[in-house]
Amino acid sequence: MSSTVPRVAATLTGLLAFPVTPFTESGDVDLSRFRSHLTDVLDAKPGAIFVACGTGELASLTATEHQAVVSAAVEHVAGATPVLAGVGGGTRTAAEFARAAQAAGADGVLALPPYLQVGPQAGLVSHYREVAAATDLDVILYQRGTAIFSPEAVAELAEVDNIVALKDGHGDMELLQLIQIATGGRLPLLNGMPTAEVFARSYVGLGARAYSSAVLAFLPEVAVAFFQAFEKGDEATQDLLLREFYAPLAELRQTTPGYAVSLVKAGLEIRGRSAGPVRAPLAQVTPQHREQLARIIDRGLAALSATPVA
């Protein structure tokens, strides 16, 4: 591995895209629609594209499907921006996915929390060490769910050459500050909260300006406008979009488990870019919530029209 600045870590700036994995109505992976979806996402010029991650329903993909999705993304993106693949599950499964991602040509991997099992910090460290050892690719840790790290554990993992960043979806600012102190800031921090835009300003004090945006997958106009306002320090536009779009979206997301993904696919359908259904155990958005989401989308677009961002 590089001994200076890892290639992928250096590119983790700006708006990070997390596309969905489209399925046919019978539930099979739809690679044709996936490529069309990637084209739309690329138009927003994201800092990187993360495929087969949480929004991409990694937990429901077989190993064969995972490799097909990653390979299709690498081929379609064709070097326009880094492509990172989600890996997860038990230790050996995650390591197998990491090797497959490297074989498919990915630029790095996002290591999602181990499925269901909760172990001590020593177990978490061993898990991520094994995943990192399975590949030459850069590895990003993802803190949430069953993977909440102590500062000491992150400091230990930061010594692994190809562990290059920490994506946080937990939101404990005190813990993140202690992690920053323990690591001396060696691992870049990414804002990976659900509806990350709501938290964007909170993460700046910790040096995290880059964030993952699920909204970019179905409403790129608003996602890009918010990010531009965030980068320029235009608080009036940020406040408007938070009030009219992001806060109502976050409230709707919180009504039902799994809506962090289901609402994205519903939003694509509303906008005429259907990516098919979600897979169980996720559930489709109810008709009532779909109508509510459509109104929220309209509010976001209206706010954007009222206050255009250059």
Side-chain angles (χ1 to χ4, degrees), residues 5-18 44-50 53-55 81-82 84 86 107-113 124 128 138-145 147-160 162-217 222-235 237-239 241-242 246-247 249-250 253 260:
V5 180
R7 177 170 53 86
V8 166
T11 64
L12 293 176
T13 59
L15 203 54
L16 306 178
F18 282 71
K45 295 180 170 46
I49 289 181
F50 290 72
C53 294
T55 306
T81 194
L84 294 92
D107 297 295
V109 298
L110 175 65
L112 277 71
L124 277 180
Y128 289 101
D138 287 349
V139 176
I140 299 172
L141 307 175
Y142 191 5
Q143 172 163 263
R144 68 179 299 172
I148 307 302
F149 301 97
S150 69
E152 296 76 16
V154 180
E156 185 174 347
L157 288 169
E159 297 297 329
V160 178
N162 61 327
I163 292 180
V164 301
L166 172 68
K167 180 187 179 191
D168 181 67
H170 183 53
D172 184 333
M173 294 299 163
E174 180 180 26
L175 174 60
L176 291 174
Q177 183 66 75
L178 294 174
I179 287 172
Q180 292 282 69
I181 293 169
T183 62
R186 291 195 303 278
L187 286 186
L189 177 65
L190 309 176
N191 168 8
M193 293 296 289
T195 319
E197 288 88 347
V198 174
F199 295 86
R201 288 184 285 200
S202 300
Y203 277 78
V204 171
L206 293 167
R209 298 195 67 86
Y211 59 81
S212 57
S213 176
V215 171
L216 186 64
V222 170
V224 171
F226 182 90
F227 180 74
Q228 290 176 343
F230 173 65
E231 285 288 275
K232 293 191 303 182
D234 179 356
E235 294 194 0
T237 297
Q238 292 176 69
D239 288 342
L241 293 174
L242 285 169
Y246 285 103
L249 178 67
R253 173 181 55 77

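Position 1 is the first residue of the sequence, and the numbers go up from there. What you see is a predicted model, and the numbers here were worked out from it, not measured in a lab.
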Q: Heavy atoms only: give me the nearest Ser212-Lys167 pair and the separation to one decimal.
A: OG-CE, 3.5 Å
Q: Report yes if the side chains of Tyr142 and Leu190 come closer than 4.5 Å at any heavy-atom pair, otherwise no.
A: no
**Q.** Heavy-atom pair with the smallest gap, counting every atom of Pro194 and Arg144
**A.** CG-NH2, 3.9 Å
(Q) Could you report the tightest heavy-atom contact between Ala44 and Val224, atom names first, then the distance? (A) CB-CG2, 3.8 Å
Q: Of all the heavy-atom pairs spanning Phe227 and Gly14, show the shortest one and how long it is.
A: CZ-CA, 3.2 Å
**Q.** Whether Phe18 and Phe50 hold their rings parallel, tilted or perpendicular, with breakpoints at 30° and 60°
**A.** parallel
Q) Quick one: salt bridge (charged side-chain N to carboxylate O under 4.0 Å, His left out) pairs with a partner in residues 172-192, sequence neighbours left out? A) Glu159-Arg186
Q) Where the side chain of Asp168 meets the backbone of Gly192, is there a donor-acceptor pair that is under 3.5 Å apart? A) no
Q: Look at the side chain of Gln143 and the backbone N and O of Phe149, then say whether any donor-acceptor pair between them is shorter than 3.5 Å.
A: yes
Q. Got a second to check how far Phe230's CZ is from Leu242's CG, nearest 0.5 Å?
A. 11.0 Å
Q. Aromatic rings Tyr203 and Phe199: how do their planes relate, parallel, tilted or perpendicular, breaks at 30° and 60°?
A. perpendicular
Q: Not counting sequence neighbours, list each pair that qualifies as a salt bridge (charged side-chain N to carboxylate O under 4.0 Å, His left out) and has a residue in residues 187-209.
A: Arg201-Asp239, Arg209-Glu231
Q. Is there a donor-acceptor pair closer than 3.5 Å between any side-chain N or O of Ser213 and the backbone N or O of Leu15?
A. no
Q.
Can you tell me how far apart CE (Met173) and NE2 (His170) are? Round to the nearest 0.5 Å.
A. 10.5 Å
Q.
Within the structure provided, determine whether Leu189 and Leu166 are in side-chain contact (heavy-atom separation under 4.5 Å).
A. yes
Q. Between CG of Leu157 and CD1 of Ile179, what distance do you get to the nearest 0.5 Å?
A. 10.5 Å
Q. Is there a donor-acceptor pair under 3.5 Å between the side chain of Thr195 and the backbone N or O of Val198?
A. no
Q | Atom of Cys53, atom of Leu110 and distance for their closest heavy-atom approach | A | SG-CD2, 3.9 Å
Q: Starting at CD of Gln238, measure out to CD of Gln228 and round the result to the nearest 0.5 Å.
A: 11.5 Å
(Q) Measuring from atom CG of Leu16 to atom OG1 of Thr81, what distance do you get when rounded to the nearest 0.5 angstrom? (A) 8.5 Å
Q | Minimal non-hydrogen separation, Ala165 against Leu187, with atom names | A | N-CD2, 3.7 Å
**Q.** Side chains of Leu12 and Ile140 in contact at under 4.5 Å (non-hydrogen atoms)
**A.** yes
Q.
For a 4.5 angstrom cut-off between non-hydrogen side-chain atoms, does Pro151 reach Leu175?
A. yes
Q) How many angstroms lie between atom CG of Leu216 and atom OH of Tyr211, to the nearest 0.5 angstrom? A) 9.0 Å
Q. Given side chains that start at C-beta, do those of Leu141 and Tyr128 come closer than 4.5 Å, heavy atoms only?
A. yes
Q | Non-neighbouring partners of Thr183 that pass side-chain hydrogen bond (donor to acceptor under 3.5 Å, both in side chains), sequence neighbours left out | A | none
